[in-house]
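These notes are about the structure you will find just below.
First listed ligand is number 1; within each ligand, the first listed atom is number 1. Side chains included, hydrogens not; waters and symmetry mates left out as well; all remaining heavy atoms used. Note that the structure is a prediction, hence the values are computed from the model and not measured.
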Amino acid sequence: MNKFIPLSVPNLRGNELEYITHAVKTEWVSTGGPYVNEFETKVAEYVHCMGAVSCQNGTSGLHIALQVCNVIRDDEVIVPTLTFIAAVNPVKYIGAEPIFMDCDDSLTMDAHKLLEFCQNECNFYDGKLINNKTNKHIKALVVVHVFGNMADMEKIMDIASQYNLKVIEDATEAIGTYYTEGKYKGKYAGTIGTVGVYSFNGNKILTTGGGGMIVSDNEELLKRAKHLTTQAKSDELYYTHDEIGYNYRMTNLQAALGLAQLEQLEDFIEVKKYNYDLYKNEIHEIPGLRILDFQDSIRPNYWFYALYIEPEYALNRDQIIQYLATKQIQARPIWGLISDQIPYEESQTYKVEKARKYLEKVVNIPCSSNLTIEDARYVIDCLKHPELM
Ligand SMILES: *Cc1c(COP(=O)(O)O)cnc(C)c1O
């Protein structure tokens with residue numbers, strides 16, 4: 001029996017144990033302690049932005065990001081339908097409503113449809129984008145850099161500035177991805193919009209067990225994010241509070257892991273690129289299968305690999321997943337469309353077409369940064385010789 005090859009698991013072989021041990025020995029295990037501030041500084045340095053505010057996970061980071069963009073109850077927010085549901089749920093936490101956009105062939109938000117929607121389905125007056133259907137103010141959009149790819153930020157930022165929309169970059173999957181050419185050359189995913197959010201969940205490229213980070217180049221916004229994530233205290237000693245805050249700050253234990261992980265991030269990306277290229281070249285030779293590209297103008301972080309299945313391949317999506325499971329290889333379909341989920345059945349959608357197609361034809365295959373070349377070759381070999389179940 002071959003060993004089990006998981007989809008995406010943590011890789012904790014650097015200084016994790018040393019830093020965690022230090023946190024335990026010094027008894028700084030909660031939200032105080034030196035590692036939290038240090039990790040914030042190091043993440044901000046790594047992505048070249050003004051500052052970073054840690055949080056408990058990506059979801060809480062997105063919850064705060066919407067608030068620092070002044071999204072309030074009854075506002076509307078444009079979101080993608082093809083992504084993980086945590087990109088959208090925080091819109092509902094606030095009492096605002098999502099409007100679901102389609103993806104393009106990069107699996108990220110279709111900028112053409114976004115523009116079309118703003119032009120044809122809305123009215124722009126008094127600096128506000130108003131949805132014709134609901135008469136509500138569309139204040140922001142959440143753009144997700146799916147699988148470590150980059151959404152078309154040039155177009156999206158142009159549209160956002162034209163219609164006065166705040167841009168929340170859900171870069172939870174894309175820490176390390178940056179533009180290598182164009183207007184935003186050198187800019188990292190998460191640092192182009194109004195505010196960006198990273199996740200350090202266990203399956204992400206960099207993990208703190210659970211954790212997240214808010215980044216921005218706007219000092220006021222960062223201050224407010226820190227305030228909201230730390231219970232909105234206006235006085236530390238007397239415990240006075242000027243608004244409703246949250247207990248969202250990261251702990252020193254999480255940050256200890258994060259610092260050790262960040263030291264290895266570029267090495268992780270190198271391994272992921274190597275395995276991506278290997279999969280891509282070999283799978284290219286298999287009729288009916290290919291690995292989806294990342295954008296040309298970026299250095300991706302290669303977080304997840306998307307295997308695209310044409311009808312000519314012997315197995316369809318579900319059969320591939322089942323077949324690989326019998327070979328001890330974990331593969332997964334991408335997420336069910338968010339606009340199809342029970343809590344969002346009544347939500348507005350705009351021309352969702354491609355997302356459905358990709359949902360039916362894409363599976364993710366093992367991509368951990370500790371995946372060995374032998375593991376990758378075994379996966380490829382199994383795909384070369386499909387067996388009908
Ligand atoms: C992982 C992820 C999140 C949520 O991050 P958590 O840290 O798990 O809360 C949000 N959006 C997307 C697209 C993600 O992949």
Side-chain angles (χ1 to χ4, degrees), residues 7-10 39-40 43 52-67 77-94 98 100-101 103 106-109 140-151 153 156 167-177 189-190 193 195-215 225 229 246-251 253-255 257-258 261-262 272 294 300-306 332-339 341 343-344 355 358-359 362 364 367-368:
L7 180 63
S8 180
V9 288
F39 187 41
E40 288 175 329
V43 168
V53 174
S54 72
C55 43
Q56 274 298 320
N57 46 49
T59 311
S60 59
L62 289 160
H63 188 197
I64 296 298
L66 287 162
Q67 293 182 62
V77 180
I78 298 171
V79 299
T81 190
L82 184 79
T83 188
F84 183 50
I85 200 163
V88 178
N89 282 342
V91 172
K92 283 283 201 180
Y93 299 168
I94 286 175
F100 289 98
M101 272 298 134
C103 65
S106 70
L107 304 186
T108 66
M109 188 180 283
L141 64 93
V142 176
V143 44
V144 180
H145 301 303
V146 176
F147 298 157
N149 206 356
M150 184 92 82
M153 291 306 286
I156 289 171
V167 176
I168 294 145
E169 283 184 82
D170 177 337
T172 49
E173 306 180 355
I175 192 167
T177 296
V195 57
V197 177
Y198 303 115
S199 162
F200 310 127
N201 186 36
N203 67 344
K204 300 301 204 274
I205 189 165
L206 183 168
T207 188
T208 58
M213 196 72 84
I214 300 161
V215 291
T229 53
Y246 302 86
N247 182 14
Y248 277 173
R249 193 160 177 76
M250 180 180 275
T251 67
L253 285 173
Q254 290 166 301
L257 281 181
Q261 289 270 286
L262 190 59
K272 280 184 179 264
F294 291 99
N301 72 354
Y302 298 94
W303 180 56
F304 257 37
Y305 311 145
R332 290 184 62 105
I334 43 183
W335 319 270
L337 303 188
I338 303 174
S339 48
Q341 308 304 312
Y344 296 104
Y358 280 103
L359 166 61
V362 172
N364 294 120
C367 62
S368 309

If I apply the N/O under 3.5 Å rule, does [X] come out as touching ligand 1?
X: Gly58; answer: yes
X: Trp303; answer: no
X: Asp170; answer: yes
X: Ser199; answer: yes

Can you list the ligand 1 atoms lying under 4.0 Å from a non-hydrogen atom of [X]?
X: Thr83; result: 13 (C)
X: Val144; result: 13 (C)
X: Asn201; result: 7 (O), 8 (O)
X: Ala86; result: 3 (C), 4 (C), 10 (C)

Point-to-point distance, once rounded to the nearest 0.5 Å, from [atom1] of [X] to [atom2] of [Y]:
X: Lys204; Y: Thr172; atom1: NZ; atom2: OG1; value: 5.0 Å
X: Leu257; Y: Phe39; atom1: CG; atom2: CZ; value: 9.0 Å
X: Gln56; Y: His63; atom1: CD; atom2: NE2; value: 14.5 Å

With Met109 as reference, evaluate Val144, Val142, Ile78, Val79 under the side-chain contact (heavy atoms from CB on, under 4.5 Å) test and give the passing residue. Ile78
Which residue supplies the protein heavy atom nearest to [atom], what is that atom called, and how far is it?
atom: atom 14 (C) of ligand 1; result: Thr172 OG1, 3.1 Å
atom: atom 15 (O) of ligand 1; result: Glu173 OE2, 2.5 Å
atom: atom 2 (C) of ligand 1; result: Lys204 NZ, 2.9 Å
atom: atom 9 (O) of ligand 1; result: Thr59 OG1, 2.5 Å

Beyond-backbone contact of Leu141 with Ile156, side-chain heavy atoms, under 4.5 angstrom: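 Touching, per the 4.5 Å side-chain cut-off.
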Whether the side chain of Ser8 engages the backbone of Asn203 through a donor-acceptor N/O pair (distance < 3.5 Å, no angle test) should be reported.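 At least one qualifying donor-acceptor pair exists.
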When you compare the side chains of Ser339 and Thr81, does any donor N or O come within less than 3.5 Å of an acceptor on the partner?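 Checked: Ser339/Thr81 side chains pair up, N/O donor to acceptor below 3.5 Å.
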Would Tyr246 and Tyr93 count as a close aromatic pair, with their ring centres under 6.0 Å?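 Between Tyr93 and Tyr246, which both carry aromatic rings, the centre distance is not below 6.0 Å.
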